[in-house]
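What you see is a predicted model, and the numbers here were worked out from it, not measured in a lab. A, B, ... follow the sequence lines: proteins, then strands. Residue 1 opens every chain.
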There are 2 protein chains.
Amino acid sequence: MPERARSAAVTAELPEQAAPPGTAGRILHAGLELFAEKGFSGTSIRDIGARAGINSATLYSHYRSKEHVLAALVLLGHQELHVRLQRALVRAQGGPGSQLAALVRAHVLAHAEYPLLALVANAEMHALGSDAAAPALALREQSWQLLLVVLDEGIRAGEFTATDPLLAAAAIVGMGRQVAHWYGPRQPYTPEQIADTFSGYALAIAGAAQHDRETT
Amino acid sequence: MPERARSAAVTAELPEQAAPPGTAGRILHAGLELFAEKGFSGTSIRDIGARAGINSATLYSHYRSKEHVLAALVLLGHQELHVRLQRALVRAQGGPGSQLAALVRAHVLAHAEYPLLALVANAEMHALGSDAAAPALALREQSWQLLLVVLDEGIRAGEFTATDPLLAAAAIVGMGRQVAHWYGPRQPYTPEQIADTFSGYALAIAGAAQHDRETT
DNA sequence: GTCTATACTAGGATAGAC
DNA sequence: GTCTATCCTAGTATAGAC
């Protein structure tokens, strides 16, 4: 599995209706591919123009700067994840076990279905100034809280035997985030398979009772 | 826990005796700090010189190029990890359970004790050409195999109930790697605490029998 | 909105004195 | 080994025509 590339993905897909139409959308796609492959600083405005099929100067009719292109992508990625997590939690019927499973499933699915977006949102956010990063950071904090509340509640209710929700959350988030780095079309799994398997791992980490793991 | 910075660490430590003495070592330290903070492409040769307390031109008396500085760091990081994993595995007395626990403990410890080195080794390798990356990639492949063999053997022996060693390994490696991003002096854990806790998580992921998890 | 042309800065790397 | 000075390329961004 080890490879040099940052991602095993090949197509740079953006969630439907999330990307603007026309040239602005093509710029976003181009930025996504290039930032994922070479990083923000390793990508020039001319690279983006060439990939999007426009002159580099045209970019400034749609975004104020290269940083604004990245900021749009980083925000979009965090929004998509947060919306999915919220929806998963609301739809989960049952106790903390099924809620945790639903959250992790959504988290992993988002990283497997949009690996480049997840990669850029996570690995390139450091290139944004603190103002540009703030909205995405706020969403990340909220997503983090969703997971933490479920873990806390499961421990309080005696359904999870884990004793340290912070470490459990860090482990669960870590294994999910890395999916963006290794999942690609050459892997013999569907995103759903990975999501379901990792949901089980998360329940194991949390120390959910065995019968819960099989019925969620 | 969410933060914009790539790492919560503050000191850029290198394993003892791994860094060369004198100016070459100061360049390596400077590169480590800057590559971790701003990425390879975001760091200029002049940045490195300033941080190391030398003129940027002096760098070329010690390294052939900026890429060679990164290559040295990436290789060093992978060597350190691989040596620790080998040592952990050899010292582990007992079956697959204690071997898995030892591997994960070593993996997590390395990422918590040298977070910046782990960060650069993992997140910046993509900036190396394939020739420069090859030695580190080979080590990574070997480290990966160590984990996979232990998981396979545990499953074969019936000690682990997990059915998919590849996904289990991906999850275990993922949660360990992320430690480099969030662990820092402001966390109320020692590296040992995290390593022990995550070892338990790995056993849970693998589906080790409960009594094994408590005795390893 | 899109292009050509261009201003201006910063970056990697080398030459040559000490 | 280290510095100063410099070459040359590539980078971000803007001006102005169409």
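Distance, Tyr63(B) OH to dG1(D) P: 11 Å, rounded to whole Å. Atom NE2 of His68(B) and atom P of dA13(C) are 10 Å apart (whole Å). Between Ile54(B) atom CD1 and dA13(C) atom P there is a gap of 14 Å when expressed in whole angstrom units. Atom pair Asn55(B):CG and dG1(D):C1' shows a separation of 12 Å (rounding to whole Å applied). Separating the CG atom of Asp47(A) from the C1' atom of dG11(D) is a distance of 10 Å, rounded to the nearest angstrom. In this structure, the OH atom of Tyr60(A) is 14 Å from the P atom of dC3(C), given to the nearest Å. dG11(D) atom C1' lies 13 Å from atom CZ of Arg46(B), rounded to whole Å. Counting to the nearest Å, the P atom of dG12(C) and the CG atom of Leu59(B) are 10 Å from each other.
DNA chain D is contacted by Thr23(B) of residues 18-45 of chain B, taking any non-hydrogen atom closer than 4.0 Å.
No hydrogens or angles considered: a donor-acceptor pair under 3.5 Å links the side chains of Asn122(A) and Arg140(A). Counted by atom type alone, Ser7(A) and His181(A) present zero donor-acceptor pairs between their side chains at under 3.5 Å.
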### Task
Just do the side-chain contact (heavy atoms from CB on, under 4.5 Å) check on Glu37(B) and Arg6(B) with the steps written out, would you?
CA-CA 6 Å; Glu37(B) 183 188 335; Arg6(B) 298 178 90 185; over 6 Å; no

### Task
Go through the steps to decide whether Lys38(A) and Glu124(A) satisfy the test salt bridge (charged side-chain N to carboxylate O under 4.0 Å, His left out), and finish with yes or no.
CA-CA 10 Å; Lys38(A) 314 201 291 182; Glu124(A) 297 300 323; over 6 Å; no

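The side chain of Ser61(A) has dG1(C) as its nearest neighbour among dG1(C), dA13(C), dT2(D). Side-chain proximity of His62(B) to dA13(C), dG1(D), dC3(D): nearest is dG1(D).
Nucleic acid contact for Ser56(B): none, since no nucleic acid atom lies under 4.0 Å from a heavy atom of the residue.
Glu33(A) places no side-chain N or O within 3.5 Å of a backbone atom of Ala30(A) that could act as its donor or acceptor partner. Listed for the Tyr114(B) side chain is no donor-acceptor partner under 3.5 Å among the backbone atoms of Glu13(B).
In this structure, Thr58(A) reaches the dC3(C) phosphate: one of its side-chain N or O atoms is under 4.0 Å from OP1 or OP2.
Note: His111(B) and His107(B) meet the aromatic proximity criterion, with ring centroids under 6.0 Å apart.
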